[in-house]
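Reading through the structure tokens given below for one structure.
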There are 2 protein chains.
Amino acid sequence: MAEREAGGSTGRAATLSDVAKLAGVSIATASKAINGRDQVAPATRQRVMAAAEQISFTPNELARGLINGRTGTVGLLTSDLEGRFVIPILMGAEDAFGAGQVNVFLCDARGDAIREQHHLKALLTRRVDGIIVVGRQTDPRPSLGHDIPVPVVYAYAPSDDPTDISITPDNRAGGRLAVEHLLSCGRRRIALISGDPAFAAAQDRAVGVREALTDAGLELVGSPMYSDWSEHWGRDASAMLLRQYPDVDGIVCGSDQIARGALDTLRDLGRDVPGDVAVIGYDNWEILATNSRPGLTTIDANLQQLGRVAATRIFDALDGAGGAGSTEVTGGTEHLPVRLVIRGSTIPRR
Amino acid sequence: MAEREAGGSTGRAATLSDVAKLAGVSIATASKAINGRDQVAPATRQRVMAAAEQISFTPNELARGLINGRTGTVGLLTSDLEGRFVIPILMGAEDAFGAGQVNVFLCDARGDAIREQHHLKALLTRRVDGIIVVGRQTDPRPSLGHDIPVPVVYAYAPSDDPTDISITPDNRAGGRLAVEHLLSCGRRRIALISGDPAFAAAQDRAVGVREALTDAGLELVGSPMYSDWSEHWGRDASAMLLRQYPDVDGIVCGSDQIARGALDTLRDLGRDVPGDVAVIGYDNWEILATNSRPGLTTIDANLQQLGRVAATRIFDALDGAGGAGSTEVTGGTEHLPVRLVIRGSTIPRR
DNA sequence: CTGTTAGCGCTTTCAC
DNA sequence: GTGAAAGCGCTAACAG
């Protein structure tokens, strides 16, 4: 019966029954008062609130979740070891319904299917309201399947099952945007250095690039150069490119890493950027884009918005399924707009 | 009364009572069977397991948590917008007790005290077993205070309250390690370019650097150069340094970003790395360290281990408080060892 | 071995 | 307005 020190650093947390006792009301009334139900006398509410404050009562969301079937948590299942994509997506998901409304379990599967299975199970056991799956690239990834009792949304990388809900940045629009910007900077001899051609991201961006060029009555200088997304490739590819086409005046790069490599090579070759050649990257990876010489103009995929939309879709699906079915949520891939971030690599500063 | 489609994509999850009914036993027996209690006949257990399997029953961890007071979740409260430190720490915490045992709520306060407060409250409401606070730099950060009903561990950045439990990388040892490596590479004229001197990290690393030099009967070339942790500063500082001390043969940098800038400048000046000057960074930020020319030797803070230790401390504290008090967990700052990662910037490849 | 009972902390009818 | 009671899904005594 001995009570632990009140307010002690590990004393058991106050319960609603403690509050009720202190305020001299029933548990039910305390509950109503605290949750702002209107069938409570103002004076009573006062007393209850004061009591709650006094013993710093924190409602137990688990108990609530047991009753209403919602936990206000979502699982974020990823293999993005760098955290470069997943962090903004997580921030967006957190924000979708206001600070502290939704909490996110971040699980890193580290590219291991077994570990992913473990995490998935753990998330379901914790009764998350939904799961957001974040792929490593914008390449379709295996579906988790349909026998999962909560909504699943694939973010960044779409699911390979078209009946799943997927949300991905509009890579084609990104490609267009890059070229249109170079054109508006007066460039006409534009080349493309991209990453691994097996990735949808590389292909889609290339399609956008070509479309925009065609629309302007132009053609790509040389053929697109594909290899990997690294700085090394950016350096090597741009060296090759300039050797073959010395009069290139704009380079679209498939990633900021590639762009960074290109800038290095241009510098080594004594070419002026952007005066001589303009360079545009992709991803807006700040650490790379802001530290390069000059700063790197690039395409930002709006990942935070992507996270926000993903979280919204989950709760839409939940509400749709619970309601009369009027808000039917259908599968399919949604492409989110991207945006241009201009720095010194395409437009001279000042 | 209409049952939803069994196995439907959003049908309500199976409960223990469903399993019991299907197996023709009581709920209690089903519980015992599933949790491997030994007071269950093998045949019965078989039947229960089969039933559970059949309707893909997943135990509700919330309900369990309600009873035993443990949720198997921890909150990770951070302001590390890049996610560069927090992701490895999170992975370590996840791993501390095996895959899927513990799940981590990642909350990004974005450097905003109000938002941090919101998140803290949300975490407590979700009854996390403990909280890991990850600072942005290894600089002491304000304590969350002691009126939190669960254990709090400060990781990476220690708390400014010495009675809190803090776990931080050993920056001093890191400084020593960097210099000792340069010495072992035959360098004798060593300089230090670091970041913001207001940061404990900058100071502590500098102390280690000086100690190691003193032990070798040497002195730093010039005085330590402090400004910020950026590539820009690395470029500028190294240019100044080489102008003043052209015979420097080793540069210790306070961050990989600074080191990267230094490499750029050395390249511009036509100095050979590592033949002429060896450069060592700090952080082992892969994207920077592996893409530089040459690859960057650097100090790795073992963040994953840090996360593992942090999670362990939380559950130690929990067990200590619950038990007879024999495992008393006391506050204080624990310094974790760091390690050297050798690449081409200090030792010629092949 | 198995089932009954109580109860974790909370919300929600439904009487009073 | 307020409180008694039932119950969310599960576990932990205790009887049988």
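Letters A, B, ... mirror the listed sequences (proteins, then strands); counts begin at 1. We use all heavy atoms of the structure for the numbers below, so side chains are in, but hydrogens, waters and symmetry mates are not.
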Heavy-atom side-chain proximity of Asp147(B) to Ser56(A) below 4.5 angstrom: no

Lys21(A) NZ to dG9(C) P, straight-line distance once rounded to whole Å: 11 Å

Value in whole Å for how far the P atom of dG3(C) lies from CG of Leu16(B): 12 Å

Presence of Asn60(A) side-chain N/O under 4.0 Å of dC8(C) phosphate oxygens OP1/OP2: no

Nearest-nucleotide 5' precedence on DNA chain C, Asn35(A) against Ser26(B): Ser26(B)

Side chain to side chain contact (heavy atoms under 4.5 Å, CB included) partner of Arg141(A), chosen from Asp160(A), Asp161(A), Val133(A), Val134(A): Val133(A)

Which nucleotide in dC1(C), dG9(C), dC10(D) has an atom nearest any side-chain atom of Ala41(B): dC1(C)

Which residue lies more 5' along DNA chain C, comparing Pro42(B) with Pro59(A) via nearest heavy atoms: Pro42(B)

Under 4.0 angstrom between Ser17(A) side-chain N/O and dC10(C) OP1 or OP2: no

Nearest-Å distance for atom pair CZ/P, residues Arg70(B) and dA12(D): 14 Å

Between dC10(C) (C1') and Arg126(B) (CZ): distance, integer Å: 15 Å

Validation row: Glu61(A), Arg64(A) side chains within 4.5 angstrom (heavy atoms): yes

Closest non-hydrogen atom pair between Ser143(A) and Ser159(A), with its separation: CB-OG, 3.4 Å

Approximate separation, where rounding is to 0.5 Å, of Phe57(A) CZ and Asp18(A) CG: 8.5 Å

Please tabulate the protein-to-nucleotide N/O contacts below 3.5 Å involving nucleotides 12-16 of chain C, giving atom names and distances.
residue	atom	partner	partner atom	Å
dT12(C)	OP2	Arg37(A)	NH2	3.0

Glu94(A) to Asp108(B) - nearest heavy-atom pair and separation: OE2-N, 3.3 Å

Side-chain N,O (Arg64(A)) to OP1/OP2 (dC10(C)) below 4.0 Å: no

Atom pair distance, as rounded to whole Å: CG in Leu66(B) and P in dA6(C): 18 Å

Criterion side chain to side chain contact (heavy atoms under 4.5 Å, CB included) against Val150(A), the qualifying member of Thr71(A), Ile314(A), Leu124(A), Asp129(A): Leu124(A)

Distance, rounded to the nearest Å, where Leu62(B) contributes CG and dT11(C) contributes C1': 15 Å

Under-4.0 Å side-chain N/O to phosphate OP1/OP2 contact, Thr44(B) with dT2(C): yes

